[in-house]
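Remarks on the structure that follows.
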Amino acid sequence: MEYNFREIESKWQAYWAANHTFEAKEDASRPKYYVLDMFPYPSGAGLHVGHPLGYIASDIYSRYKRLCGFNVLHPMGYDAFGLPAEQYAIKTGQHPAKTTADNIARYRQQLDRIGFSYDWSREVRTCDPGYYKWTQWAFLKMYGSWYDNDSAKARPIEELEAAFAKGGSSAVNAAHSDHDAFTAEEWKAFGEKKRHELLMCYRIAYQGETAVNWCPGLGTVLANDEVKEGFSVRGGFPVEQKKMTQWQLRVSAYAGRLLDDLEELEWTDSLKDMQRNWIGRSQGAEMTFKVKSDGQEYDMVIFTTRADTVFGVTFMVLAPESEWVEKLTTAAQKAAVEEYLVQARKKTERERMAETRRVTGVFSGAYAVNPLTGAEVPVWISEYVLAGYGTGAIMAVPAHDSRDYAFARHFDLPVIPLIEGCDVSESSFDAKEGIMCNSGFLNGLTVKQAIPAAIDYVESQGIGRRKINYRLRDAIFSRQRYWGEPFPMTFKDGMAQPLPVDMLPLQLPEIDKYLPTEAGDPPLARAEGWAVDGCPLETSTMPGFAGSSAYYLRYMDPHNDEALVSREADEYWRNVDLYIGGTEHATGHLIYSRFWNKFLYDLGYVCEKEPFKKLINQGMIQGRSNFVYRIKGTNTFVSVGLKDQYDTTEIHVDVNIVYNDRLDIEAFKAWSPEYRDAEFVLENGEYVCGWAIEKMSKSMYNVVNPDNVCDQYGADTLRLYEMFLGPLEQSKPWDTKGIDGVNRFLKKVWRMFYDRDGFAVTDEKAAPEELKALHKLIGKARTDIESFSYNTTISAFMIAANELGECHKREILEPFIIVLSPFAPHIAEELWEALGHKESITFASFPEYVEAYTVESSCTYAVSFNGKTRFTVDLPKDMGKDEVEARVRAHAKTPGYVGDGNIVKVIVVPGKIVNIVVK
RNA sequence: GCCUUGGUGGUGGAAUGGUAGACACGAGGGACUUAAAAUCCCUUGGCCUGAAAGGCUGUACGGGUUCGAGUCCCGUCCGAGGCACCA
């Protein structure tokens, strides 16, 4: 009987579906384990072999955990709102809901073929109203909350109103946008509109004017993580800076907690570091400088991490967008400043970046007074200072900051070195080391001592205070697009007001065209009657990360219409134990989700403060492209080894008609009519293709579809092969070169159970060496699976299969097939059934590892002299160190080796090696 | 520039500081077969030697620690990913 993977795989896939094998139920008697994949965006192209890499890994782990007695939650769903579906809709007029549903159906088909153990009864789609009801609900909660820095948590906005009425704006220490201070009496006197405006400065979901990434090509604003190098990540359109009023989430309020709580997560250091960089904590001080302009005097606050360098301040710089620019520009400089601002404003983000090193700036006419020296220094305006960070103004210390240095040299401003012996003739001395000089009371201190000393001093003088700044900005939360969650907000007299929760979900309306209106409003403005009680609804929609921020919670209780997740379900499943996905979400989804979770935690809706305990980043699967070489001006193709003898053009060829770099010539001729009459110059009778590693994409003809692999080799082979390819975290090209190897292995497994005459398993007692081979495998599998080293587990299977190939004993084969089942579940189920089991192998128990079976009775010591191996000696395993040494000394005395007198030291590492040190 | 990673045969990749190259692919040779497929066996880092036995050499490069280094430390070079006027 042959291994017929086609029959086996469809049989067991149908069985699992019919028997609801993988449906998870809350069960207090068993420990839970939650394994999650980053759910996919269902694109029109379908899955390629790169997608399942992480899914296979998580599936293996899920199945393994089930065998170990855990109650495993392993769900899947779709991140279904998004730009491609909308752009396709603009082109074709097809409703995005329709194309999305079609794509999902195709994804599901492809996923099912690979034999994943998902609990499909818990599937979620972010575009379902029943799902996005809870996205909208969370938004309303954020709208109705403020962030209290003192208790470090979000609280209901009503408490803030009460506090204002009692003590005015100074009654709270809250995360907020800038506004003028007010007293309790003023608060009580304010009208509705003014109060509304002020509260808006505190809400966690708020509307505010800010510089945004505006992408004209997409007609929408984008978040920082959706922009790369001045272009949109999706679509690659240029992005410019623009001031606009947008919905935002006060993520920055959570910066400290997002940073601190990274400590307890089991994530890779590189990913944690990416988040740390993104959050960008810097510890320093705020300092007040007196500034004078046209006879007026002001207090201007700046932020610095180098308080020790105040004595070297030779000028100040304002960001062009800073509100200080208007206040400080003198009449004499007004024209010059205006001109500079106009030019700066015109530039796109892209142009600003291209000119990174070009120094621009203009003098404001104002002067600042150095609070420590009393010296007057000019105040300049320059693009190199960012409005959004710190206070938008800096003190410039050209001797010890390379940016200030470049500026000083360009505009010929003085440079005062502050560190003994440093050379600032060519460049600044940025390192935080050395002994201070030219610095008054700081002279003689090291930089490390001087920084706190300087801050202590300015604090005592009342001209500054310690301050921690974060780079993390609030997330811009509205998109001028159709295919996203509508905001449950209306406007009355220009004031935003939330819809009552019982009106959720606010469903996405039908519109005639998926384009902005002629007036430039978002597509939702086209919807008829887009209003509630005569008040117009918000026309923007939410961004992609809205729906993906809490989906892991919804899986816990996907059909609950009363809550995002019930308390019982949340307290049972808690959070994700293992999350697998790509690094590309490091600064997007993984920050937003953590923020969202913390917010819900603050309000008591969830019981864990972090959503994803352990996270593994699977590497990307790159494409491996193949090339043929056409001799220029002909239809003749030359094999890669001979191409240098001709003048050729390199042409991508579909990798699906190439096997081990050998071109299937007939398939090539059929591939495109233009090659029907192609001729070939061969090497050794074969056409060998060239190759290169590139991104997997349609245009490179290097896309390998998992369906093709399933057709040819079966899902179990695909699963094993993807894991065998190399370490999970590593990026690697897809190359089918080795796939025959794992396919051969599965055939060998089949033959362990079936010979020519049929089922061949006996009840004979296992021999010691068979038990040893089995338990070596079990031990290795246990440790490997726990550490996600699946590639070496598969090697261990192959070794075991080689050793046990002739062994047809049930005692060995039953545990063997259980260990194999997470990796190759279909063949495992089939053989498990053949062994006479009625229930799915899912409900078996992972075999215990018995070390006693694998212990060697004797072991080989390699004896080396000064590190060079001379001879080996077999001694009993349990022999003590001293006796080993005595035996080895005795051996070493054998003529031809070394005499006893020369031996200085004998080092015995038990079970490993003996090294003899010779004089 | 800064942060994080990596660098091992023809290829993918194994190696708690202890016989480098497991396992697999590819390649070469052989068995079975009318033939092919499938399957099985042997060889396979490089070099020296007619072959074997044996030896030398070898984990990007240069040093160091150690009885012993792919592994630890210092420096250099190269690749990948992230951040990039964040004061």
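To find a chain, count down the sequence lines: A is the first, B the second, and so on, and within it residues start at 1.
Listed by first then second residue, pairs satisfying salt bridge (Lys or Arg N to Asp or Glu O under 4.0 Å) with a partner in residues 789-803 of chain A read Lys776(A)-Glu803(A), not counting sequence neighbours. Judged as a side chain to side chain donor-acceptor pair (under 3.5 Å), the pairs with a partner in residues 788-801 of chain A (not counting sequence neighbours) are, in order, Asp784(A)-Thr792(A), Asp784(A)-Thr793(A), Ser787(A)-Ser789(A).
In this structure, Tyr405(A) atom OH and rG1(B) atom P are separated by 18 Å, rounded to whole Å.
Here rG82(B) is the nucleotide among rC85(B), rG82(B), rA84(B) with the atom lying nearest to any side-chain atom of Asn277(A). For Ser270(A), whose side chain is taken as the heavy atoms from C-beta onward, the closest listed nucleotide among rA87(B), rC23(B), rU4(B) is rU4(B).
In this structure, Tyr384(A) does not reach the rA87(B) phosphate: none of its side-chain N or O atoms is under 4.0 Å from OP1 or OP2. Checking the phosphate oxygens (OP1, OP2) of rA24(B), a side-chain nitrogen or oxygen of Asn802(A) falls inside 4.0 Å.
Residue-level contact check: Ile799(A) touches the backbone only, with heavy atoms under 4.0 Å from sugar-phosphate atoms and none from bases.
With pairs defined as Watson-Crick or G-U wobble and both atom distances under 3.5 Å, the stems of at least three pairs that touch RNA chain B come out as B:1-7 with B:77-83, B:10-12 with B:23-25, B:26-31 with B:39-44, B:45-48 with B:54-57, B:60-64 with B:72-76.
With sequence neighbours excluded, the residues that form a side-chain contact (heavy atoms from CB on, under 4.5 Å) with Arg465(A) are Glu286(A), Glu459(A), Lys467(A).
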Between the protein and nucleotides 9-15 of chain B, which nitrogen or oxygen pairs come in under 3.5 angstrom?
residue	atom	partner	partner atom	Å
rG12(B)	O2'	Leu725(A)	O	2.6
rG13(B)	OP1	Gln730(A)	NE2	2.6
rG13(B)	O3'	Asn791(A)	ND2	3.4
rA14(B)	OP1	Asn791(A)	ND2	3.1

Would you tabulate the nitrogen or oxygen pairs shorter than 3.5 Å linking the protein to nucleotides 36-39 of chain B?
residue	atom	partner	partner atom	Å
rU39(B)	O3'	Arg751(A)	NH2	3.4

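Side-chain atoms of Asp430(A) and Tyr405(A) include no donor-acceptor pair closer than 3.5 Å.
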